[in-house]
Structure formats: structure tokens, C-alpha cells
K.L.:
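There's a structure below that I have some questions on.
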Amino acid sequence: MKRAVTLSALACLLAVTAAAPAASGAPAPARRPTPAHGRQVSALDTVPRRGELRVCTTGDYRPFSYRDPGTGTYRGVDIDMARDLARSLDAKPRYVPTTWAGLVGDLSAGRCDIAMGGVSITLARARAVSFSEPTRTDGKTPIVRCADKDKYGTLEQIDRPGTTVIVNPGGTNEEFARAHIKHATLKVHPDNTTIFDEIIAGRADVMMTDASETRYQAKLHPELCSVHPDKPFTFSEKAYALPRGDHDFTAYVNQWVHLATHDGTYRKYENAWMGE
């Protein structure tokens with residue numbers, strides 16, 4: 001019994017000694033660094049290894065992103081920018097078709113590395129994805145038949161019975177229209193590449209979209225006029241959407257955007273499309 005008590009006391013002493021901090025002046029034993037399990041692999045590393053930058057884009061929003069239905073090729077301001085971003089990463093762009101309603105979900109699900117093509121920053125989107133530095137400011141403004149340009153200058157003039165407001169689904173245009181149109185007829189048109197033909201044909205009177213798009217479409221269609229594009233109803237910014245949590249890739253894209261918007265690169269591409 002006495003031997004058992006002695007062994008028990010010795011075991012307790014050893015346990016206390018092991019748990020106690022090292023004596024003053026004595027160096028603590030070196031600890032090996034623990035591997036960072038579960039650390040996210042950044043697109044900043046995977047894109048160059050893959051040799052491909054996957055770009056989610058709707059392809060229906062000129063001048064930023066347009067997919068030619070005949071050839072399947074993409075063109076636009078942000079398509080030019082996507083090519084440059086891919087090149088900077090020793091990669092080539094691969095365009096992943098998406099919709100305005102599905103853009104955030106496709107990016108969050110990892111179907112692409114970045115979303116580009118006239119994407120507006122909104123707080124709702126920012127809860128699910130990160131955004132780069134803005135490329136330009138914008139805002140919602142009307143585009144109408146030129147004969148009606150003096151009729152639809154304010155929301156009050158637009159939101160009246162007898163007026164048909166047309167909108168493409170799933171994006172900020174529809175969100176804005178549903179928030180402000182209570183008395184006019186709201187018509188949802190599924191194809192953003194032909195929506196302006198509806199106004200020309202008289203099947204709709206007004207579309208409210210980003211001022212940049214109204215300017216571009218007015219150049220394409222002399223029958224249409226952009227209404228006060230320098231003083232839109234709202235303020236917004238366009239940027240590139242990125243996966244949430246990939247801080248290294250976001251920092252890289254931010255630096256790339258900052259340089260492109262200050263060294264004339266972005267302006268050069270925009271001028272080529274907008275003619276400004």
C-alpha cells in the first residue's frame with residue numbers, strides 16, 4: 001500500500017511539472033509549426049497553373065459584354081479587359097455563360113474565377129461576393145424614342161397609366177423598375193439584346209437602364225434617345241465580382257484595375273466602344 005501511494009504521488013508530481021511553465025531564464029522547448037489545414041487555395045495561384053481564367057459573363061450587355069449569336073465570340077469593353085487580366089496571369093480567358101439572375105450563384109459555386117461585363121455593385125451582391133475597385137460610375141436613366149424624349153424626363157412622368165416600361169429580368173434594371181413603377185405597365189422582356197427593338201417598334205415606351213448603355217444604344221439606333229444621361233436617377237459603380245474570401249486574388253485584381261483605370265487602358269477600350 002505504501003509503495004502504491006508513493007508511485008501515485010510521483011505521478012502527480014510529474015504531471016504538475018510537465019504542465020508548469022519553464023523556469024525563469026530557461027528557454028521553452030521549440031514548437032513545430034502546425035500545417036495550415038483547410039487554407040483556401042487562391043486563384044492567384046491556380047489560374048497561372050491552369051493557364052486559363054474562367055470569366056462569368058452574360059454576353060447580352062453592350063458595350064461591356066456581347067456574345068455574337070452567329071460566331072459565339074465575345075466582344076466588349078470588359079471582354080478586352082478580361083483578355084488583359086488573363087494575360088497578366090500567364091493565362092487565356094475562357095468565357096462562362098451566365099445570366100443576371102444566376103451570376104452571383106455561378107461565381108459563388110466556383111464555376112468561374114471572376115464575373116465581368118458591366119456588373120454593378122450592390123449591397124445585396126456584396127453579401128455573397130467581393131468586388132474589385134470600381135471601373136466607372138453609372139446610374140439608371142431612361143432611353144426612349146426620340147420623338148418622346150421630352151415626355152419622360154422624371155419618374156413621375158414615366159410612372160403613369162398608359163405608359164409601358166420594358167425591362168430585362170434578373171438584374172438591377174428590374175430591381176429599380178419594380179421599386180418605382182406602380183401605375184405604368186411593366187413589361188419583362190427576356191432578351192436584353194433585342195429589348196431596344198421593342199421600343200423602336202412601339203411595343204414599349206421606356207427602358208430605364210445604366211446611362212452608359214443608353215448612350216451606346218442611342219448610337220446604334222438613331223431612333224432612340226438617352227434622356228439626361230449626365231444626371232441619372234441613381235448613383236452606382238461598375239466593378240468586377242470575385243469570390244468571397246480569396247483575399248490574395250482580390251488584392252491582385254484591385255491593383256490591376258487601379259493601374260488600368262489610371263494609365264489610360266480602360267479609357268482606351270471604353271472610347272473604342274462608346275466613341276467618346
Side-chain angles (χ1 to χ4, degrees), residues 57-79 97-101 117-120 136 138-234 236 238 269-276:
T57 192
T58 62
D60 67 350
Y61 188 16
R62 289 182 285 191
F64 301 103
S65 170
Y66 174 67
R67 181 180 182 272
D68 188 308
T71 64
T73 57
Y74 286 84
R75 296 182 291 119
V77 177
D78 285 338
I79 300 304
T98 189
T99 64
W100 290 110
V119 182
S120 296
R136 63 167 293 144
D138 223 324
K140 303 301 179 191
T141 206
I143 184 168
V144 303
R145 291 180 296 276
C146 290
D148 296 334
K149 65 180 181 180
D150 295 328
K151 291 174 56 178
Y152 300 116
T154 67
L155 285 169
E156 291 74 18
Q157 290 174 317
I158 293 168
D159 189 24
R160 291 177 177 175
T163 299
T164 299
V165 177
I166 195 165
V167 67
N168 60 309
T172 56
N173 288 343
E174 183 179 16
E175 180 183 338
F176 180 79
R178 292 196 181 281
H180 293 90
I181 300 304
K182 307 300 179 184
H183 306 291
T185 299
L186 188 61
K187 178 180 178 180
V188 177
H189 186 76
D191 185 359
N192 200 41
T193 63
T194 62
I195 197 168
F196 300 96
D197 297 331
E198 296 296 298
I199 304 173
I200 294 170
R203 292 186 289 268
D205 301 303
V206 184
M207 182 179 180
M208 292 180 289
T209 184
D210 293 322
S212 53
E213 186 177 30
T214 66
R215 285 191 176 104
Y216 182 76
Q217 290 295 333
K219 290 180 182 295
L220 286 183
H221 305 289
E223 309 95 325
L224 299 179
C225 284
S226 175
V227 182
H228 53 66
D230 294 325
K231 296 182 179 179
F233 295 140
T234 63
S236 67
K238 295 198 180 302
Y269 293 148
E270 193 173 66
N271 286 347
W273 284 89
M274 302 291 288
E276 293 178 356

K.L.:
I need the minimum non-hydrogen distance between G118 and F64, along with the two atoms involved.
P.N.:
N-CB, 3.5 Å
K.L.:
Give a yes or no on this: more than 12 heavy atoms of other residues, nucleotides or ligands lie within 6.0 Å of atom NZ of K187.
P.N.:
yes
K.L.:
Can you sort out the partners of F233 under ring-ring contact (aromatic ring centres under 6.0 Å, His included), two or more places apart, ordered by chain and number?
P.N.:
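Per chain and number, F233 pairs via ring-ring contact (aromatic ring centres under 6.0 Å, His included) with H228.
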K.L.:
Going from CH2 on W100 to CG on N173, what distance comes out if it is rounded to the nearest 0.5 angstrom?
P.N.:
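Here the rounded value is 8.5 Å.
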K.L.:
Could you report the tightest heavy-atom contact between T163 and V206, atom names first, then the distance?
P.N.:
CG2-CG2, 4.2 Å
K.L.:
So does G171 get a backbone contact from the side chain of E175, meaning a donor-acceptor N/O pair under 3.5 Å?
P.N.:
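Judged by distance alone, no pair lies under 3.5 Å.
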K.L.:
Q157 and R160: which non-hydrogen atoms are nearest, and at how many Å?
P.N.:
O-CD, 3.6 Å
K.L.:
Which residues pass the side-chain contact (heavy atoms from CB on, under 4.5 Å) test with H183, sequence neighbours left out?
P.N.:
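In terms of side-chain contact (heavy atoms from CB on, under 4.5 Å), with neighbours along the sequence ignored, H183 is linked to D159, P161.
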K.L.:
Using a 4.5 Å cut-off on heavy atoms from C-beta on, say whether the side chain of R203 contacts that of T164.
P.N.:
no
K.L.:
Could you report the tightest heavy-atom contact between I166 and A204, atom names first, then the distance?
P.N.:
CB-CB, 3.7 Å
K.L.:
Between N168 (side chain only) and N192 (backbone N and O only), is there a donor and an acceptor less than 3.5 Å apart?
P.N.:
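It does not hold such a pair.
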K.L.:
What distance do L224 atom CG and I200 atom CD1 have between them, rounded to the nearest 0.5 Å?
P.N.:
4.5 Å
K.L.:
Between E270 and R136, is there a salt bridge with N-O shorter than 4.0 Å?
P.N.:
yes
K.L.:
Considering only NZ, NE, NH1 and NH2 on the basic side and carboxylate oxygens on the acidic side, decide whether D210 and K238 come within less than 4.0 Å.
P.N.:
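Salt bridge: yes.
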K.L.:
Are any of the side-chain heavy atoms of Y74 and P97 separated by less than 4.5 Å?
P.N.:
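The answer is yes; the side chains approach within 4.5 Å.
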K.L.:
Just wondering, do P142 and T214 contact through their side chains at under 4.5 Å, heavy atoms?
P.N.:
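No - every pair of side-chain heavy atoms lies 4.5 Å or more apart.
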K.L.:
Pair Y61, S212 - check side chain to side chain contact (heavy atoms under 4.5 Å, CB included), show working.
P.N.:
CA-CA 10 Å; Y61 188 16; S212 53; 4.1 Å; yes
K.L.:
I'd like to know if the side chain of D78 reaches the main chain of S65, judged simply by a donor and an acceptor atom lying under 3.5 Å from each other, with no hydrogens or angles considered.
P.N.:
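Checking the backbone N and O of S65 against the side chain of D78, no donor-acceptor pair under 3.5 Å is found.
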K.L.:
Under 4.0 Å between a Lys/Arg side-chain N and an Asp/Glu carboxylate O for E223 and R145?
P.N.:
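Looking at R145 together with E223, the answer is no, because their closest N to O distance does not fall below 4.0 Å.
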K.L.:
Evaluate the side-chain hydrogen bond (donor to acceptor under 3.5 Å, both in side chains) criterion for residues T234 and S236: first the C-alpha distance (whole Å), next the side-chain angles of each, then the deciding distance (0.1 Å), finally the verdict.
P.N.:
CA-CA 7 Å; T234 63; S236 67; 5.1 Å; no
K.L.:
Any donor and acceptor pair, going by atom type alone, linking the side chain of T141 with main-chain N or O of V227 inside 3.5 Å?
P.N.:
yes
K.L.:
Shortest non-hydrogen contact from T194 to H189?
P.N.:
OG1-NE2, 2.9 Å
K.L.:
Looking at V167 and I195, what are the two nearest heavy atoms and their distance?
P.N.:
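The pair with the smallest heavy-atom distance is C-CD1, 3.5 Å.
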K.L.:
Determine whether a donor-acceptor pair (N or O, by modelled atom type, separation under 3.5 Å) exists between the side chain of H180 and the backbone of F176.
P.N.:
yes
